[in-house]
K.L.:
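Here's a structure for you.
Keep in mind that this is a model prediction, so the values were computed, not measured. Numbers restart at 1 for each chain; the letters A, B, ... are given by sequence-line order, proteins then strands.
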Amino acid sequence: METAEIVKVAVSAAPYSIDKPYDYLVPPELLETAVPGVRVTVPFGKGNRTSEGIVLARTQGEKEPKLKPLLSVLDREPVLDGDGVALALWLRQRYFCTLFEAVKTILPAGLWYQIREVWHLAEDMDRYTADGMAAGIRRAIPVLDALFAAGGTAELSDLEAACGPGTGAVLRALQKAGVTVCETAAKRKTGDKQRRMVELAVSAEEAASLTEKRSSPQRREAVRLLAAEGRMSAAEVCYYTGVSMAVLRGLEKAGIVAFSEEEALRLPDFSQVEPSGPIVLNEEQEAAFQSILALTKSGRPEAVLLQGVTGSGKTQVYLRLVQEILDQGRRAMVLVPEIVLTPQMMRRFAACFGDQVALLHSALRMTERYDQWKRIRRGEVRVVLGTRSAIFAPLKNVGLIVLDEEQESSYQSENPPRYHTRDVAKYLCARDRATLVLGSATPAVETAWNAEQGIYHKALLRRRYNQQALPQVLVADLKEEIRAGNPGMVGRILRRELAENLERGEQSILLLNRRGSSRYLLCGECGHVPECPRCSVALTYHSANGRLMCHYCGHSEKASDACPVCGGIMKHVGTGTQKVEEELRELFPGTEVLRMDADTADGRHEQLLDRFEKERIPILLGTQMVAKGLDFPNVTLVGVLAADLSLYVDNYRSAERTFSLLTQVVGRAGRGGSAGRAVIQTYTPENDVIQCAARQDYRGFYENEIRLRRLRRFPPFADLFTFTVSGAEEGAVLRAAAAVREELRRLFRLPELAAGAPEVLGPAPAPVMKLNNRYRYRCLLVGKNDKPTREAVSWLLKWFAGDRANRGMNLFVDCNSME
DNA sequence: AGCACGCCGACT
DNA sequence: GTCGGCGTGCTC
């Protein structure tokens with residue numbers, strides 16, 4: 001048989017159950033360009049739908065008749081090298097995703113092209129001729145109606161919206177008959193850090209008259225807002241009025257409003273930062289530095305836990321290590337949980353390494369991020385500093401990877417594949433024989449265990465920077481407040497301390513744990529709580545726009561004063577930051593309170609924190625984010641409003657997270673000249689986690705926690721796989737989940753999997769049982785995340801997808817997930 | 001998943 | 001007779 005050039009392609013249209021490298025012929029015109037690592041378009045499936053793909057390898061082989069040729073090559077040079085392909089393969093087997101999903105995770109979003117099918121009528125095609133030629137093609141008439149109505153050219157997605165699914169097949173049939181032609185446009189996505197702005201395109205009066213009658217109330221509402229506010233972001237208009245983007249697009253079509261793009265806020269430019277002097281380490285830092293340095297010279301992949309209390313100067317150690325690695329002719333990665341909270345870290349790295357460092361953070365526009373990525377690939381960068389996804393920066397010859405605050409949950413991706421940065425870092429360190437440094441004041445229990453077992457090395461920083469004493473910590477019992485008839489969130493002790501700070505002109509930080517702290521409405525008569533129509537959660541009340549919103553699916557509706565069930569009066573309940581803010585205003589009239597939470601601080605943390613410091617605003621009130629990051633010399637009081645709120649979350653990590661959060665926030669107090677105080681309010685003052693946090697006693701916390709974990713078979717003693725089945729019909733989902741459990745039980749009786757006695761539990765409803773109108777039940781497998789187990793899980797996923805009984809349902813797997 | 005093929009019942 | 005339902009099987 002004839003031989004031909006063949007490429008192995010990871011195809012985006014292939015779901016997990018049939019995912020593998022698919023072979024394609026290289027047509028003569030693509031012989032030059034279709035090399036490993038370039039993205040391509042290929043025909044896939046019976047209908048030869050155009051699908052994106054990436055070339056994994058190129059070979060010569062037999063020209064089998066089933067092979068189809070590539071359609072096009074999208075890149076002039078490869079975007080993924082051999083290391084990248086190997087990493088994608090690793091991600092697939094580790095996180096049960098498709099090859100293409102893995103590749104997409106590795107490559108920067110700015111690179112992504114959106115493939116769109118644009119359909120045209122054939123030249124000189126009129127309706128009469130088209131109808132004649134389309135005779136015998138099913139459902140051709142409505143599709144032609146839509147295409148003619150659109151002026152002869154339309155995108156597939158628009159036609160599908162108008163004519164329903166299956167439109168693609170009709171169009172292809174019409175193409176065969178010569179009625180239509182298709183053009184596949186590869187279009188670069190616009191930068192996601194561009195904000196879409198909208199404003200009136202005509203005068204306010206004109207706009208009002210144009211929407212006066214025969215216009216929907218949504219349109220009128222949007223126009224009224226824009227007339228009052230002028231130019232604002234489209235997302236904001238949607239937020240305040242509750243209209244959808246479709247309404248705004250409609251107004252644009254009618255010529256009433258105009259869209260434009262504006263750059264989202266950016267971090268300060270560090271290119272002009274003054275070069276810093278030599279880094280001086282104290283004795284303890286020097287010892288830690290030397291021990292880690294020795295590891296980097298071992299030529300083996302090693303991991304080390306650098307445990308240092310808040311303010312012990314871990315960053316100094318990182319900086320020295322990176323310097324040394326660069327001197328060894330190797331490169332380094334430094335990862336941080338949330339870069340907006342660590343501008344000083346960025347400043348210091350910029351000062352130390354100048355343009356050899358690439359800063360990769362979420363505030364970069366997509367094009368900037370892509371530019372940085374290209375610089376790294378070209379080898380112009382020797383240090384990468386960034387958040388989670390920076391671990392995929394194409395840095396070569398890596399000698400050191402640092403994960404700062406390694407216990408942070410932001411190191412785990414929240415969308416699939418839900419990789420953990422620590423695991424990817426371990427893979428990279430093994431590949432490049434690099435050293436992994438896990439830095440933390442309060443390490444994850446698994447990490448501390450690994451250090452204890454000698455799997456990780458250990459380095460300690462015990463002393464706080466200028467020998468400062470730990471804050472004095474008061475634990476206040478909220479039960480007593482209730483007994484004393486104080487229903488508020490600020491108890492007497494905290495009130496007294498706040499008053500004292502106000503008097504002395506010193507600043508205070510108040511922390512409200514986000515979980516369980518949102519605000520919702522409740523009917524005083526019948527107890528009705530407005531719920532999301534699509535998800536099984538209560539709607540959260542937003543006072544900024546007077547609307548009820550779902551934090552899971554984005555549903556939004558106008559809040560009403562009367563109960564929709566019985567007509568009773570609705571009351572506000574819950575303890576969101578907004579409510580605490582009101583309480584503070586009542587307690588301390590005239591005192592300025594700066595509120596920082598996800599709603600107020602969207603992309604503006606730094607400005608808010610800057611104001612807090614410069615303007616010396618007396619009280620900063622916020623969620624988790626106030627616990628991390630900056631040190632303020634004038635802050636001498638820290639208050640935790642309800643320490644328990646994050647403690648009783650149904651998650652094996654809740655104790656660890658609460659301890660870490662409390663320890664960090666307590667450490668915020670008094671880092672300047674004055675000694676600090678911390679008040680921890682709680683309903684359970686005797687709780688061990690809270691007691692240990694108050695004493696800043698990691699050891700005590702760890703000893704307790706590891707005992708519990710061993711008892712309950714939680715990580716690190718076992719790995720928890722959650723199998724979530726979702727679908728529109730609750731009964732079917734429950735049945736499918738039960739089938740998953742049975743299949744798991746059967747699988748894990750196999751001798752090679754039975755080691756360590758895996759346990760299978762469930763099915764039980766997921767924490768949010770209904771999400772976007774889909775019910776979710778899950779099963780739990782307590783076992784070991786090893787190769788045979790992963791292979792069994794992979795088999796189970798394929799089995800599930802292949803069983804007809806599970807049609808319309810979805811199964812996904814997570815291991816030791818944060819949720 | 002998404003699509004085609006194929007085999008059955010209800011209609012012009 | 002044929003239009004359209006969904007059950008079955010495959011995707012280079």
K.L.:
Mind calculating the distance between CZ (A:F44) and P (B:dC3) to the nearest angstrom?
P.N.:
12 Å
K.L.:
Return the nearest nucleotide to the side chain of A:R49; candidates are C:dT8, C:dC12, B:dC3.
P.N.:
B:dC3
K.L.:
Determine, stepwise, if the pair A:F392 / A:Y419 fulfils side-chain contact (heavy atoms from CB on, under 4.5 Å).
P.N.:
CA-CA 11 Å; A:F392 296 116; A:Y419 66 89; 3.4 Å; yes
K.L.:
How close or far is atom C1' of C:dC12 from atom CG of A:L70, stated in whole angstroms?
P.N.:
11 Å
K.L.:
What's the closest nucleotide to the side chain of A:K46 if the choices are B:dA1, C:dC12, C:dC10?
P.N.:
C:dC10
K.L.:
Rounded to the Å, how far apart are A:L71 CG and C:dC12 P?
P.N.:
11 Å
K.L.:
Expressed in angstrom and rounded to an integer, what is the separation of A:M809 atom CE from B:dA1 atom P?
P.N.:
10 Å
K.L.:
Between A:S794 and A:Y16, does any side-chain donor sit less than 3.5 Å from a side-chain acceptor?
P.N.:
yes
K.L.:
Check the surroundings of atom NZ in A:K396: do more than 12 heavy atoms from other residues, nucleotides or ligands lie under 6.0 Å from it?
P.N.:
yes
K.L.:
Tell me: CG of A:N48 to P of C:dT11, nearest whole Å?
P.N.:
12 Å
K.L.:
If the threshold is 4.0 Å, N to carboxylate O, is there a salt bridge linking A:D814 and A:R778?
P.N.:
no
K.L.:
Using whole Å, what does the distance between atom P of nucleotide C:dC12 and atom NZ of A:K8 come to?
P.N.:
14 Å
K.L.:
Within this structure, what is the CD1-to-P distance between A:I18 and C:dG9, rounded to whole angstrom?
P.N.:
16 Å
K.L.:
Given atom NZ of A:K798 and atom P of C:dG9, what is their separation to the nearest angstrom?
P.N.:
20 Å
K.L.:
Picking from B:dG2, C:dG9, C:dC12, which would you name as closest to the side chain of A:R804?
P.N.:
C:dG9
K.L.:
When the nearest nucleotide of DNA chain C is assigned to A:P21 and to A:R807 on a heavy-atom basis, which residue is associated with the more 5' position?
P.N.:
A:R807
